[in-house]
Amino acid sequence: MLALEMVRDGLLVPVESTQTSAQSSAAKKKTAALRSWISLDQDGQGTVLDLDKYAIIRRVQIHARDLRLLDPLLSYPSTILGREKVIVLNLEHIKAIITADEVLLRDPFDDNVLPIVEELQRRLPLVSANFQGQGEDEETSGVQKDVETDELKFPFEFRALEVALEGICSFLDARTRELETDAYPALDELTSKISSRNLDRVRKLKSAMTRLTNRVQKVRDELEQLLDDDDDMADLYLSRKLVGTSPFSDSGAPNWSLASPTITIGSRVSKTSRASAATTAEENDVEELEMLLEAYFMQIESTLNKLTTLREYIDDTEDYINIQLDNHRNQLIQLELFLSSGTVCLSVYSLVAAIFGMNIPYTWKEGHGYVFKWVIIVTGVVCASLFLFIISYARHKGLVGS
């Protein structure tokens, strides 16, 4: 094994590599197949591993189809799967495999994953270290002791699951707040001035909101599905299943042989007692996990409500803009009607002028100059009456405003 170190933010993490010096040249050809993982144990100690999928399958005894859910090159929805010995976690950028004693987190060098790694290193270790300094501080309040006792009883896999859920909920909520900060001023600016620039800006924000809403909705649906099925929640209790597989969980004794009848009877009795105890524990544990999931379900539901409110605001803005556009369209129709009416009136004048301009002998052309004045007056009255009739008819039909 080669010993490497990863230094980031003053944190030293030992690195374990599967490549030997003799296989270094061959390993370079398989760089694309290797993926960077970090293994975090119950003490929060991190070990970076460069492993391919077959090494991961052998390490945690997981099916290839479950490991495929964590492939960043494939698009899978957010998923929380409980298997016999592992929990497969695919929540956006958080892709992890949780066992009863370690957490395997993919791509630990990613900027979005680094805070999760630091939080796991801080919260995974039991708080038993706090009890070592009891002699130094004897005035610890009873409330703090109760909290520490509850944390000690909290299974390892639930502590890791809580960190992942908190991380993804906080991440999505932060993205939602950023979107709100950009969207509301853009929408207000669009209502005050409709321009191509503002319309394009709002279009991009609406597309980003739609994508973010789908991401939040997938996480919410996964939590809701877990909360609706007690069997799925029971599959997440790895520590309880691990205790149920051994006759004596506290001792390191090997499994009993089934050749002895006495041991067989004892095993049946122990199985019966464990089954009854597990049934009682399951009710409490499911309730405990249900409370944990409900807390983050409410948080992700709040984030979804923010996005829903933003969508409604966008829809209201679109309705307001459509009303403005309809108003402008009506004004254009009204202007077009006025111009058309004026054109008709001028056409009447042109018709009269054309009639009198014909080279046809009329007996009343000579000595009847006063007729020109009456023709002009009558034609003007007829044109004005025709124009008013057209406008009145259009208003009566609702084509123009009053």
Side-chain angles (χ1 to χ4, degrees), residues 33-42 46-108 110 112-113 116-117 119-120 123-124 154-169 171-172 215-242 244-245 285-286 288-290 292-293 296-297 300:
L34 296 178
R35 294 293 180 180
S36 180
W37 296 76
I38 185 170
S39 173
L40 298 167
D41 57 13
Q42 295 183 355
T47 303
V48 177
L49 307 172
D50 289 332
L51 302 175
D52 58 6
K53 62 180 181 180
Y54 301 105
I56 292 295
I57 291 175
R58 291 192 300 268
R59 182 184 181 95
V60 297
Q61 300 180 8
I62 188 176
H63 293 289
R65 65 175 181 273
D66 295 332
L67 185 60
R68 196 176 297 115
L69 297 175
L70 307 182
D71 193 342
L73 302 179
L74 302 177
S75 178
Y76 284 98
S78 297
T79 308
I80 302 177
L81 294 179
R83 293 299 185 242
E84 182 65 26
K85 296 182 180 180
V86 298
I87 297 176
V88 181
L89 201 64
N90 178 25
L91 298 174
E92 295 288 329
H93 56 275
I94 304 177
K95 302 180 183 298
I97 300 175
I98 303 174
T99 66
D101 53 5
E102 73 170 344
V103 178
L104 289 173
L105 193 62
R106 191 161 201 167
D107 298 332
D110 189 85
N112 294 325
V113 181
I116 306 299
V117 175
E119 190 67 15
L120 286 171
R123 296 172 59 175
L124 282 183
F154 211 51
F156 170 81
E157 62 270 16
F158 289 170
R159 297 200 302 272
L161 179 61
E162 183 179 11
V163 172
L165 291 176
E166 181 179 349
I168 190 60
C169 290
F171 176 80
L172 293 176
R215 294 163 61 185
V216 173
Q217 185 68 43
K218 290 176 182 178
V219 177
R220 179 195 174 278
D221 292 342
E222 182 63 24
L223 292 178
E224 185 179 17
Q225 183 179 357
L226 274 176
L227 288 170
D228 291 341
D229 196 334
D230 291 344
D231 293 335
D232 290 343
M233 287 191 290
D235 290 337
L236 302 182
Y237 297 100
L238 305 179
S239 299
R240 187 183 65 196
K241 290 188 289 187
L242 185 63
T245 55
D285 288 344
V286 170
E288 184 180 17
L289 178 59
E290 186 176 3
L292 173 65
L293 295 177
Y296 292 102
F297 177 79
I300 202 69

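Counting from 1, the numbers follow the sequence of the chain as shown.
- Contact annotation: the side chain of Leu172 approaches that of Ile300 to within less than 4.5 Å [non-hydrogen atoms, C-beta and beyond].
- Counting all heavy atoms, side chain and backbone alike, Leu236 lies closest to Phe158 at O-CE2, 3.6 Å.
- Contact annotation: the side chain of Leu238 never approaches that of Lys85 to less than 4.5 Å [non-hydrogen atoms, C-beta and beyond].
- For Asn90, the side-chain hydrogen bond (donor to acceptor under 3.5 Å, both in side chains) partners two or more places apart in sequence, or in a different chain, are Lys95.
- A heavy-atom distance below 4.5 Å is found between the side chains of Glu162 and Leu292.
- The CZ atom of Arg83 sits 14.5 Å away from atom CD of Gln61, with the distance rounded to the nearest 0.5 Å.
- Of the inter-residue distances, the one linking Lys53 atom NZ with Arg68 atom CZ reads 7.0 Å to the nearest 0.5 angstrom.
- Note that the CG atom of Leu104 and the CG atom of Leu89 stand 12.0 Å from one another [nearest 0.5 Å].
- Counting all heavy atoms, side chain and backbone alike, Pro72 lies closest to Asp107 at CG-OD2, 4.4 Å.
- Ile97 places none of its side-chain heavy atoms less than 4.5 Å from the side chain of Arg59.
- Here the shortest heavy-atom pairing between Ser78 and Leu91 reads CB-CD2, 3.9 Å.
- Side-chain contact check for Leu289 versus Tyr237: some heavy-atom pair is nearer than 4.5 Å.
- Annotation: the span from Asp232 atom CG to Leu227 atom CG amounts to 10.5 Å, rounded to 0.5 Å.
- Annotation for Pro108 and Val117: closest pair CB-CG2, 4.3 Å, computed over non-hydrogen atoms.
- Within the 4.5 Å cutoff, the side chain of Leu165 has heavy atoms near those of the Ile80 side chain.
- Screening residues 219-228 for side chain to side chain donor-acceptor pair (under 3.5 Å) gives Gln217-Asp221, Arg220-Glu224, Arg220-Glu301 as the qualifying pairs, with residues at least two apart or on separate chains.
- Between Ile168 and Ile94, the shortest heavy-atom contact is N-CD1, 3.8 Å.
- Here Ser39 pairs with Glu102 under the side-chain hydrogen bond (donor to acceptor under 3.5 Å, both in side chains) rule; sequence neighbours left out.
- Checked against side-chain hydrogen bond (donor to acceptor under 3.5 Å, both in side chains), Arg215 has the following partners two or more places apart in sequence or in another chain: Glu92.
- Going from atom CD1 of Ile62 over to atom CD1 of Ile87 covers 11.0 Å, rounded to the nearest 0.5 Å.
- Residues passing the side-chain hydrogen bond (donor to acceptor under 3.5 Å, both in side chains) test with Asp110, sequence neighbours excluded: none.
- With Arg106 contributing its side chain and Leu70 its backbone, the two residues share a donor-acceptor pair below 3.5 Å.
- Within the structure, the ring-ring contact (aromatic ring centres under 6.0 Å, His included) test picks out the following pairs touching residues 55-104 (sequence neighbours left out): His93-Phe171.
- Here the closest heavy-atom approach between residue Ile116 and residue Gly167 is recorded as CD1-CA, 3.7 Å.
- Here the side chains of Asp230 and Met233 are in contact, with some heavy-atom distance below 4.5 Å.
- To the nearest 0.5 Å, atoms CD (Glu157) and CG (Asp101) are separated by 10.0 Å.
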